[in-house]
2 protein chains.
Amino acid sequence: MLIGELARRTGTTTRALRHYEDTGLLVPERTTAGYRTYAPADVARVAQIRALLDAGIGTATIRRFLGCARDGHHGTYLELCPDLRAELDAIAARMDAEQAALSARGARLAGLVTCPR
Amino acid sequence: MLIGELARRTGTTTRALRHYEDTGLLVPERTTAGYRTYAPADVARVAQIRALLDAGIGTATIRRFLGCARDGHHGTYLELCPDLRAELDAIAARMDAEQAALSARGARLAGLVTCPR
DNA sequence: CTTGACCTTCACGCCGGCGTGAACCCCTAC
DNA sequence: GTAGGGGTTCACGCCGGCGTGAAGGTCAAG
């Protein structure tokens, strides 16, 4: 299928799919005219990519571990190797830090509004 | 005082102070040679700016409401006018949304790691 | 006079996942 | 032929608070 159809089937945009190719996440075939052609399996592959992106995993990391992605009855999951586990721990730590920073900002914001009396 | 001394006194950097001028938060005098000279009161002013920035308020908003900033025994606080209150509510709402998005990402990340059995 | 610590004005880099034109080619249908 | 709905490759914009050189002027001290 062409890029437009894949975009429609996956609920993404053609721009996103091209971006996934730029970052090495998805490497479609090409017609003689240069058109990208995707395999039916790429629909599931894009769904996996979206699941990982939505989980806060960056494209650079996804590129290295997309092969570890599997699909179960609860949705996408990851087959953990030590490297991947370490990476996910780092991501989780980063997210915890962001959470802490955000709630600290929230507290400070509230502090600015409290009536000084 | 010159920009370096103000930076030292406020614990910021000269780059940050110049940036505050670029965005209209702080408008120092100039010597004949073009050097920025700051009044002693600017030390407190920078502290207020830092307090607002650390609370998640952007420079554009600070520029409009820096005049509402006061200093109490609990630190900086804001004298609320209706416009400012609306603005702060919007910022708080944005932060709540970010919090929700972040914890959703965290849940998805955890979901990817759970053993599928 | 010279060193050296100060200051000045540009102006790009960062972080990341795309959005958004611009300018152009491919193919089908009328 | 031509209209139109695909596709293609650049390449900058965004969001924001600065970091980080680069190239050069200012001024007190030795």
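Quantities reported herein were computed from a predicted structural model and do not represent experimental measurements. A, B, ... follow the sequence lines: proteins, then strands. Residue 1 opens every chain.
Taking atom CD of residue B:Glu98 and atom P of nucleotide D:dG16, one finds them 11 Å apart after rounding to whole Å. Protein atom CD1 of B:Ile3 is 12 Å distant from nucleotide atom C1' of C:dT9, rounded to whole Å. The distance between atom CE of A:Met1 and atom C1' of D:dG6, rounded to the nearest whole Å, is 16 Å. For B:Glu5 and D:dA28, the CD to C1' distance is 16 Å, given to the nearest whole Å.
Contact check for B:Tyr38 versus B:Leu17: side-chain heavy atoms found under the 4.5 Å cut-off. Counting heavy atoms from C-beta outward, B:Met95 and B:Gln99 have side chains that stay 4.5 Å or more apart. Considering only heavy atoms from C-beta on, A:Tyr20 comes within 4.5 Å of A:Leu53 through its side chain. The shortest side-chain heavy-atom distance between A:Leu52 and A:Leu66 falls under the 4.5 Å cut-off. Counting heavy atoms from C-beta outward, A:Leu88 and A:Leu78 have side chains that approach closer than 4.5 Å.
Using a 4.0 Å heavy-atom criterion, one finds that B:Thr13 contacts the sugar-phosphate atoms exclusively.
For A:Arg63, there are no salt bridge (charged side-chain N to carboxylate O under 4.0 Å, His left out) partners, not counting sequence neighbours. A:Arg18 pairs by the salt bridge (charged side-chain N to carboxylate O under 4.0 Å, His left out) definition with nothing, not counting sequence neighbours. When the side chain to side chain contact (heavy atoms under 4.5 Å, CB included) test is applied to A:Ala33, the partners found at least two apart in sequence or on another chain are A:Thr31, A:Tyr35. Not counting sequence neighbours, the partners of A:Asp54 by the side chain to side chain contact (heavy atoms under 4.5 Å, CB included) test are A:Arg50, B:Arg108. For B:Thr59, the side-chain hydrogen bond (donor to acceptor under 3.5 Å, both in side chains) criterion is met by no residue, not counting sequence neighbours.
For DNA chain D, the residues of residues 16-30 of chain A within the heavy-atom distance limit of 4.0 Å (strictly under) are A:Arg18, A:Arg30, sorted by number. Listed by residue number, the members of residues 55-69 of chain A with any heavy atom below 4.0 angstrom from DNA chain C are A:Gly58, A:Thr59. Near DNA chain D, meaning a heavy atom under 4.0 Å from it, residues 37-52 of chain B has B:Arg50 in order of number.
Cluster partners of B:Val27 are absent, since no Ile, Leu, Val, Met, Phe, Trp or Tyr has side-chain heavy atoms less than 4.5 Å from it.
Taken from CD1 in B:Ile3 to OG1 in B:Thr12, the straight-line distance is 8.0 Å, to the nearest 0.5 Å. Between the OG1 atom in A:Thr14 and the CZ atom in A:Arg36 there is a gap of 9.0 Å [rounded to 0.5 Å].
When distances are taken from the side chain of A:Leu2 to each of C:dT8, C:dG17, D:dG7, the shortest belongs to D:dG7.
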Going through the checks in order, is the side chain to side chain contact (heavy atoms under 4.5 Å, CB included) test met by B:Val43 and B:Met1?
-> CA-CA 10 Å; B:Val43 175; B:Met1 80 196 79; 4.0 Å; yes
Find every protein N or O atom lying less than 3.5 Å from an N or O atom of nucleotides 24-26 of chain C, and list the pairs.
from   : atom 1 : to      : atom 2 : distance (Å)
C:dC26 : O4'    : A:Tyr35 : OH     : 3.0

Kindly give the atom pairs (protein nitrogen or oxygen, nucleotide nitrogen or oxygen) under 3.5 Å for nucleotides 20-24 of chain D.
from   : atom 1 : to      : atom 2 : distance (Å)
D:dT20 : O4     : B:Arg15 : NE     : 2.8

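Using five terminal pairs a side, the axes of the helix from C:dC1-D:dG30 to C:dC30-D:dG1 at its two ends make an angle of 50°, given in steps of 10 degrees.
Between A:Leu84 and A:Glu79, the shortest heavy-atom contact is CD2-O, 3.6 Å. The heavy-atom pair separating A:Ile62 from A:Ile49 by the smallest distance is CD1-O, 4.1 Å. Of all non-hydrogen atoms in B:Cys81 and B:Phe65, the two that sit nearest each other are SG-CE2, 4.2 Å.
No more than 12 heavy atoms of other residues, nucleotides or ligands sit less than 6.0 Å from atom CZ of A:Arg85.
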